K.L.:
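My questions all concern the structure below.
Keep in mind the model is a prediction, meaning the values are calculated, not measured. As a basis for the values below, the full set of heavy atoms in this structure was taken, side chains included, without hydrogen atoms, waters or symmetry mates.
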Amino acid sequence: QVQLVESGGGLVQAGGSLRLSCVTSGGALNRGTIGWFRRAPGKEREFVAHLSWNDYSTYYAASVKDRFIISGDAAKNTMYLQMNRLKPDDTGVYYCAADPSSDYVGPLLIEEITAWGQGTQVTISS
């Protein structure tokens, strides 16, 4: 069973940057797809970005494309989300999520997630 632990959340002003980390352990490490979802206050959890361990291909939600960068370091069993030019709308709890059995052409599907992190709060002030 894969376990995921996020870190790196915090409070920053609009226009600033944060880097989130997700460390994986247990189970089939560095296989399939790993990514980020977020839940804004009063909203449903939504897809942000994912990375395929197979070829390090990436996929982003339109709302974060060209501002966020997802990357992975298999040697450290860690995946990162570099978030730049942050906006108040980026505020929410960010969850690391994994589907170790699949690669995706489109966005990582929430119903296929088999491992979730506990979440890390990101707050962007205007």
K.L.:
Quick one, Arg38 and Ser63 - any side-chain contact, counting heavy atoms below 4.5 Å?
P.N.:
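Side chain of Arg38 against side chain of Ser63, heavy atoms only: contact under 4.5 Å found.
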K.L.:
Can you check whether Arg19's main-chain N or O pairs, donor with acceptor, with Gln82's side chain at less than 3.5 Å?
P.N.:
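No: the side chain of Gln82 does not pair with the backbone of Arg19.
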K.L.:
Do Cys96 and Ile34 touch side chain to side chain, with heavy atoms closer than 4.5 Å?
P.N.:
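Side chain of Cys96 against side chain of Ile34, heavy atoms only: contact under 4.5 Å found.
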K.L.:
Please confirm whether the backbone N or O of Gln1 pairs with a side-chain atom of Gln3, one donor and one acceptor, at under 3.5 Å?
P.N.:
yes
K.L.:
What I want to check is whether the side chains of Asn54 and Ser52 have a donor and an acceptor closer together than 3.5 Å.
P.N.:
no
K.L.:
Ring pair (Phe, Tyr, Trp, His ring centres under 6.0 Å): which pairs involve residues 106-126, sequence neighbours left out?
P.N.:
Phe37-Trp116
K.L.:
Quick one: are Phe68 and Leu86 in side-chain contact, heavy atoms under 4.5 Å?
P.N.:
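Yes; the side chains approach each other to less than 4.5 Å.
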K.L.:
Report yes or no: do Asp99 and Ser101 form a side-chain donor-acceptor pair below 3.5 Å?
P.N.:
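Short answer, yes.
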K.L.:
Between atom OH of Tyr104 and atom CG of Leu109, what is the distance when rounded to the nearest 0.5 Å?
P.N.:
5.0 Å
K.L.:
Do Val93 and Thr120 have side chains that approach each other closer than 4.5 Å (heavy atoms only, starting at C-beta)?
P.N.:
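Answer no - side chains too far apart.
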K.L.:
Taking Gln118 for the side chain and Val5 for the main chain, is one N or O donor matched with an acceptor at less than 3.5 Å?
P.N.:
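No, because the side chain of Gln118 does not come within donor-acceptor range (under 3.5 Å) of the backbone of Val5.
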K.L.:
Would you mind telling me which of Leu81, Ile70, Thr33 makes a side-chain contact (heavy atoms from CB on, under 4.5 Å) with Leu51?
P.N.:
Ile70
K.L.:
With a 4.0 Å cut-off, would you call Asp66 and Arg85 a salt bridge?
P.N.:
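Looking at Arg85 together with Asp66, the answer is no, because their closest N to O distance does not fall below 4.0 Å.
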K.L.:
With no hydrogens and no angle check, is any side-chain donor or acceptor of His50 less than 3.5 Å from a backbone partner on Leu108?
P.N.:
yes
K.L.:
Identify the heavy atoms of Met83 and Val122 that sit nearest to each other, and give their distance.
P.N.:
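Heavy atoms only, the tightest pair is CE-CG2, 3.9 Å.
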K.L.:
Would you check if Trp53 and Asp103 make a side-chain contact, meaning some heavy-atom pair closer than 4.5 Å?
P.N.:
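A side-chain contact under 4.5 Å is absent here.
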K.L.:
Atom CH2 in Trp36, atom CG in Leu20: separation rounded to 0.5 Å?
P.N.:
4.5 Å
